[in-house]
Structures are given as C-alpha cells and as structure tokens.
Amino acid sequence: MISYSIIGVLWVACAWLWLRKLRRQHPSPGLLRPAAATLAIIVGSCGLAALWGGWLSPAAITDNGRMRLDYARGYKAGQQIETKTTALLFCAADEADTLRIRNIRDGLTAGGIKEVILSGIEPGKKLPPGSDEVSDSCRLTAKDFDRVIQEARDDAAWVFAVELPRDFGRMRLWKKSAPAPVYWLESNDPAALRQALASGRIRGFCALRSGAALDQTIISSDPETAFQSRYEWIQ
C-alpha cells in the first residue's frame, strides 16, 4: 500500500518539476508557458486524485478473493453447526441468486451440511415511485425477519447471511429463544450478536478478526486459511 502511495507522490512531484523546468527554459510570456502550465496542473491534479481517491492503491480484494472468503464463512459455519442434516440459509431476497450467497451455500455443504435450503427475506414496504434504488438488505426491518422466521421450519439450523436490521431489538428472535439453533454470518453489530450469544438467542457468529491484514489481496484457496485471514468464529 505504501509503495503505491509513493508512486502517487512521485507523479505529483514530477508534474511540479516539469513546470519549473519549462519556466526556466521559457522565461518570457507566450502561448507555450500557459499551455504547459495548464498541462502540468492537469497531470498533477490527476496524480492527487489517484492518490487520494485510491486509484493507485491495490484493490482491497479481488472478486476471486471475495468468493473464497464467502465460501470460507459458509464452510466454517457448516463445521460448527451441530445438526448436520438441514440448514435454512436466510438472505436478502435480491441477493438470493448472487455469487456471494451461492458460495456461502456451497461452503455450508462442504462444511458438512447435507441439505441447504435458501430463504429470501423481502422488505414489507415498497419503495415510493421515482425513489433511488436501495438494496433489500438496507430496507429490512424486524417485522420482515419475524414474518419469514414465523414460517420457517424448526427442525433445521438457521443461518443468516444478512445484516441485522436497524430495529433488531424488536425482533421476536431477540426477545425469546428460537425453536432452532441460530447462526449469524454478517456482523454489522458484533456487540449485539455477543449479547444475543450470551443470552442464548444464537449459537455462534462470524466476526471480523482483530488485527486482520485487510490489505492482503491474495486469499488462500484453503477455506480454513482463508477464514483465519479475516475472521474469527465466536460461540
């Protein structure tokens, strides 16, 4: 990451030195100096934009790496789930056919779960006409979770690959123990999940590991190694 920042600094510095050189070579005003100055400013501005905007920084992770991490989270959950027969995988409805969910599902199977059943959670409220597109996961409420959970079978493990809703405290799941073991793979609120774990509402969850090398762009193909590079399993 540092080396890419240095490139950005050098880019800006070269533009500044080039401008100084042109001024020495052409001390008198003319068409060349303003044009050269403008060009140098553009080059320097692009360098700063690249540096501050992150264009020169390596991508936090490649698409292949994301797939491996999603698979690893599912794999880890599959290993930790005691009942290996069936797992209900809950996700936002508009993510049901995404690679992320497919990889989590495949990971659960590789981790030992014999059958994985997908269950999409749809927002109860529709977006007003003409409003900006917002993903389902950002619009879900406690009522949406309650509606799906109420209809879920209780002879399977419940695995949630979706973030907690903003009003998660109103979920029935947070007020009384579920009839099935619950596991959470998205930890947008680790404190709330820890509290739920302590009270017996959930059995375990995946959390970002403290000190994880988030600038590591190469993710191992081994699911256990990939998981350890980013996450920890808390139960």
Side-chain angles (χ1 to χ4, degrees), residues 66-93 95-96 98-121 137 140 142 144-165 168-210 212 219-235:
R66 290 189 185 92
M67 292 170 59
R68 288 178 175 179
L69 286 174
D70 292 334
Y71 181 90
R73 286 189 297 160
Y75 179 79
K76 190 67 174 181
Q79 287 185 318
Q80 300 300 320
I81 294 173
E82 296 178 3
T83 305
K84 303 291 186 182
T85 306
T86 307
L88 295 183
L89 179 59
F90 296 93
C91 68
E95 292 187 344
T98 61
L99 278 174
R100 185 179 81 87
I101 297 302
R102 270 181 265 172
N103 281 295
I104 290 175
R105 186 174 187 171
D106 291 345
L108 283 166
T109 302
I113 306 302
K114 295 180 180 179
E115 181 184 21
V116 180
I117 302 174
L118 194 61
S119 180
I121 307 175
S137 60
L140 294 176
D144 299 326
F145 279 77
D146 288 346
R147 183 178 61 255
V148 174
I149 290 173
Q150 188 174 9
E151 300 173 356
R153 52 191 287 186
D154 57 8
D155 60 342
W158 294 358
V159 182
F160 289 84
V162 60
E163 293 183 347
L164 290 169
F168 66 86
R170 297 182 178 181
M171 288 194 303
R172 294 176 184 172
L173 181 62
W174 244 244
K175 296 177 181 179
K176 63 179 181 179
S177 298
V182 177
Y183 303 86
W184 223 281
L185 299 187
E186 299 294 339
S187 55
N188 57 315
D189 194 336
L193 291 173
R194 287 181 184 275
Q195 185 177 4
L197 181 65
S199 62
R201 299 291 185 265
I202 65 176
R203 298 284 184 88
F205 69 95
C206 173
L208 187 66
R209 183 170 60 82
S210 176
I219 304 299
S220 173
S221 59
D222 175 66
E224 188 64 37
T225 303
F227 184 87
Q228 294 297 333
S229 70
R230 286 289 197 284
Y231 308 109
E232 61 178 334
W233 186 264
I234 301 175
Q235 64 179 18

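Throughout, numbering of the chain's residues begins at 1 and tracks the sequence.
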**Q** Please state whether the rings of Trp184 and Trp174 are parallel, tilted or perpendicular, taking 30° and 60° as the class boundaries.
**A** perpendicular
**Q** How long is the span from the OG1 atom in Thr109 to the CD atom in Glu115, to the nearest 0.5 Å?
**A** 9.5 Å
**Q** Output yes when a side-chain donor or acceptor of Arg153 lies under 3.5 Å from a complementary backbone atom of Leu88, and no otherwise.
**A** no
**Q** For the CD1 atom of Ile234 and the OG atom of Ser187, what is their distance to the nearest 0.5 Å?
**A** 8.0 Å
**Q** Quick check for you: to the nearest 0.5 Å, what is the distance between Glu163 atom CD and Leu185 atom CG?
**A** 12.0 Å
**Q** Rounded to the nearest 0.5 Å, how far does OH of Tyr183 lie from CD1 of Ile202?
**A** 10.0 Å
**Q** Evaluate the criterion side chain to side chain contact (heavy atoms under 4.5 Å, CB included) for residue pair Arg230 and Arg73; output intermediate values, then yes/no.
**A** CA-CA 10 Å; Arg230 286 289 197 284; Arg73 286 189 297 160; over 6 Å; no
**Q** Using every non-hydrogen atom in the two residues, find where Gly200 and Ser177 come nearest and quote the distance to one decimal.
**A** O-OG, 3.9 Å
**Q** Are the side chains of Thr86 and Asp155 in touch, meaning some heavy atoms are under 4.5 Å apart?
**A** no
**Q** Check this for me: Glu224, atom CD, are more than 12 non-hydrogen atoms of other residues, nucleotides or ligands nearer than 6.0 Å?
**A** yes
**Q** Just say parallel, tilted or perpendicular for the rings of Phe227 and Tyr231, cut-offs at 30° and 60°.
**A** tilted
**Q** Keeping Arg105 on the side-chain end and Val116 on the backbone end, is there a donor-acceptor pair under 3.5 Å?
**A** yes
**Q** With a 4.5 Å limit on heavy-atom distance, are the side chains of Leu193 and Leu164 in contact?
**A** yes
**Q** Enter the distance from Met67:CE to Asn103:CG here, rounded to the nearest 0.5 Å.
**A** 4.5 Å
**Q** Should the heavy atoms of other residues, nucleotides or ligands under 6.0 Å from CZ of Arg170 be counted, would the total exceed 12?
**A** no
**Q** May I ask you to check whether over 12 heavy atoms, not counting those of Gln235, lie within 6.0 Å of atom CD?
**A** yes
**Q** Verify side chain to side chain contact (heavy atoms under 4.5 Å, CB included) between Leu173 and Phe145, making sure each step is shown before the conclusion.
**A** CA-CA 9 Å; Leu173 181 62; Phe145 279 77; over 6 Å; no
**Q** I want to check something: taking the side chain as every heavy atom from C-beta on, are Leu99 and Asp70 in contact at a cut-off of under 4.5 Å?
**A** no
**Q** Can we say Lys76 and Glu232 salt-bridge, meaning some charged N sits less than 4.0 Å from an Asp/Glu carboxylate O?
**A** no
**Q** Is any side-chain heavy atom of Val148 closer than 4.5 Å to one of Ser119?
**A** yes
**Q** Between Thr83 (side chain) and Thr85 (backbone), is there a donor-acceptor pair under 3.5 Å?
**A** no
**Q** Under the side chain to side chain contact (heavy atoms under 4.5 Å, CB included) criterion, do Ser221 and Arg68 qualify, and how do the steps go?
**A** CA-CA 6 Å; Ser221 59; Arg68 288 178 175 179; 3.7 Å; yes
**Q** Can you confirm whether Ile219 sits close enough to Ser229 that some side-chain heavy atom of one is under 4.5 Å from a side-chain heavy atom of the other?
**A** yes
**Q** Is there a side-chain contact between Trp158 and Pro181 (heavy atoms, below 4.5 Å)?
**A** no
**Q** For the CZ atom of Arg102 and the SG atom of Cys91, what is their distance to the nearest 0.5 Å?
**A** 11.5 Å
